[in-house]
Amino acid sequence: MANQFEEFNNQKTVKTEEILFEKASREIRDNGYRFHQQAHDKEGRDPKVYHISEHPRALESRAEQMADTFHLSSEQRETVKMAVAWHDTVIEYDKADPDNLLAMIRRHRGARQGDKPNGFEGNEGRSARLLEQEMRQANERARQEIFTEEQISIAVWAVDATYPDVGLGSDFKGAKFKEYPYYEIAIAQNPNIGALFEELEAEGISKGPLFLQPHLEIPLEEGQKVPKEVLIVALSDLGGVGIIGKDLFFKEGDDEMRELYGNLRRSDIMQRLIKGDEEQDRADREKVTTAFLGWAQSQSGFAAWQALRFEKILYLLKKQNDINMEEEQKLRSQFSHFEDNVRASHERVKELKSKFEETKSTFGEKAAFLYLAREMHY
């Protein structure tokens, strides 16, 4: 009888701890979304275009599917949700030079010492520490350890892993696909992307902007076991191009462009570009047109690099027996849009250029610029 009573008490204690964990986690998740909304949404302190609160909500949906794939526990799932909600809460940046029409904002990226340009004091690091603070305060309020040190460490790592580094090659015009150390491994592992890169090369596309996540990839390269929560948060962020269809991929890419080109977000500048008839207006329209088409052109290379990164990550997970065949197949099913989005991006540029020239020939350069601006979601 005493043993039964003790077992009942143990079960009751475990259930109470689970309820406390779920309640505290959801409060922290909600706090993250509230913080994000107040900082970055339309009515927030510093409204963004791409990094609005819809961004982490979209990531949470992507992460949920991966959590199912890897059979995460309820506590692991809650950790993922907290990390997703708090990533990108801090987005500090240097404003675009007002004297340079095409100047971009310069985000204070960084999660750890050595990250460029802001290291430990970068946006990702500060966002991660806000999450850590929330978790520790929840422990203090409850006067017990709702979140263990390991869980806090994993949550911080998950946010850190969203820090993006970039490789643009020796000419700063793009990193070459075939110089990637994992290129041959990737195309051997997935012959379909081998055919894709042959197509790109035939079209004169041999490089693109390589965005990577060193705090996910370097540990994998070194044979370190990366918690699934970290993997999922990182992949749901930069790997989105493999998950979404072409229309949403175009929209997300254009929104990021609009957020970066700070001066072009000013209504007075865009109105001048659309309506102005002075020689300077025409010259500026030509400059912006080149920038718009250049951005659209870069998206196929960006997506191609993410396809290579995905193969690299799968290869390293398999190398350390940290993913089984069923999990790999499910992950591939979720990340099934890389090739389509690479091809669709390339075709989009062709169509944009063709219709721009057609509109310019028929209705003039001002009408052609207006067409392009609308197509780029301005």
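Just so it is clear, the structure is predicted and the values come from calculations on it, not from any experiment.
With respect to the salt-bridge test (charged N to carboxylate O, under 4.0 angstrom), the residues K353 and E357 do not qualify. Looking at E60 and R29, a side-chain N of the basic residue comes within less than 4.0 Å of a carboxylate O on the acidic one, giving a salt bridge. With salt bridges taken as basic N to acidic carboxylate O contacts below 4.0 Å, none links E201 and K207. Contact check on E92 versus R107 returns no salt bridge, with no Lys/Arg side-chain nitrogen under 4.0 Å from an Asp/Glu carboxylate oxygen. Ion pairing of E327 with K330 is absent here, as no side-chain N (NZ or NE/NH1/NH2) approaches a carboxylate O to less than 4.0 Å.
Side-chain contact, E134 with N31: a donor N or O sits under 3.5 Å from an acceptor N or O. Looking at E203 and H346, their side chains do bring a donor and an acceptor atom within 3.5 Å of each other. Side chains of H51 and E259: a donor on one and an acceptor on the other come within 3.5 Å. In the model, D237 has no side-chain atom that pairs as donor or acceptor with a side-chain atom of T162 under 3.5 Å. Under the 3.5 Å distance criterion, with hydrogens and angles disregarded, no donor-acceptor pair is assigned to the side chains of H40 and D88.
For F197, the ring pair (Phe, Tyr, Trp, His ring centres under 6.0 Å) partners at least two apart in sequence or on another chain are F177, Y183.
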Less than 3.5 Å apart, which donor and acceptor atoms pair up between the side chains of residues 65-72 and the rest of the protein, not counting sequence neighbours?
unit_1, atom_1, unit_2, atom_2, d
D68, OD1, R77, NH1, 2.9
D68, OD1, R77, NH2, 3.0
T69, OG1, Q65, O, 3.2

**Study point:** L131/V156 under side chain to side chain contact (heavy atoms under 4.5 Å, CB included): CA gap, chis, key distance, verdict
**Key:** CA-CA 7 Å; L131 173 56; V156 168; 5.8 Å; no
Exercise for review: Report the C-alpha separation of Q144 and N139 in whole Å, then their side-chain angles, then the decisive distance to 0.1 Å, and conclude whether the side chain to side chain donor-acceptor pair (under 3.5 Å) test is met.
Suggested key: CA-CA 6 Å; Q144 67 181 84; N139 284 351; over 6 Å; no
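Within the structure, every pair that satisfies the side chain to side chain donor-acceptor pair (under 3.5 Å) test and touches residues 306-315, not counting sequence neighbours, is listed here: Q189-E311, N190-E311, Q213-R309, E217-R309, E217-K312, E221-K312, Q306-R309, E311-R332.
Checking each of I205, V241, L196 against V342 for a side chain to side chain contact (heavy atoms under 4.5 Å, CB included) leaves exactly one that passes, namely L196.
Annotation: cation-pi geometry satisfied between R57 and Y33 (NZ/CZ under 6.0 angstrom from ring centroid, within 45° of ring axis). Remark: R109 fails to qualify as a cation-pi partner of Y93 under the 6.0 Å distance and 45° angle criteria applied to the six-membered ring. Taking the ring centre of Y378 as origin, the terminal cationic atom of R258 falls inside the region bounded by 6.0 Å and 45° from the ring axis.
Between the T148 side chain and the E145 main chain, no donor and acceptor come within less than 3.5 Å of each other.
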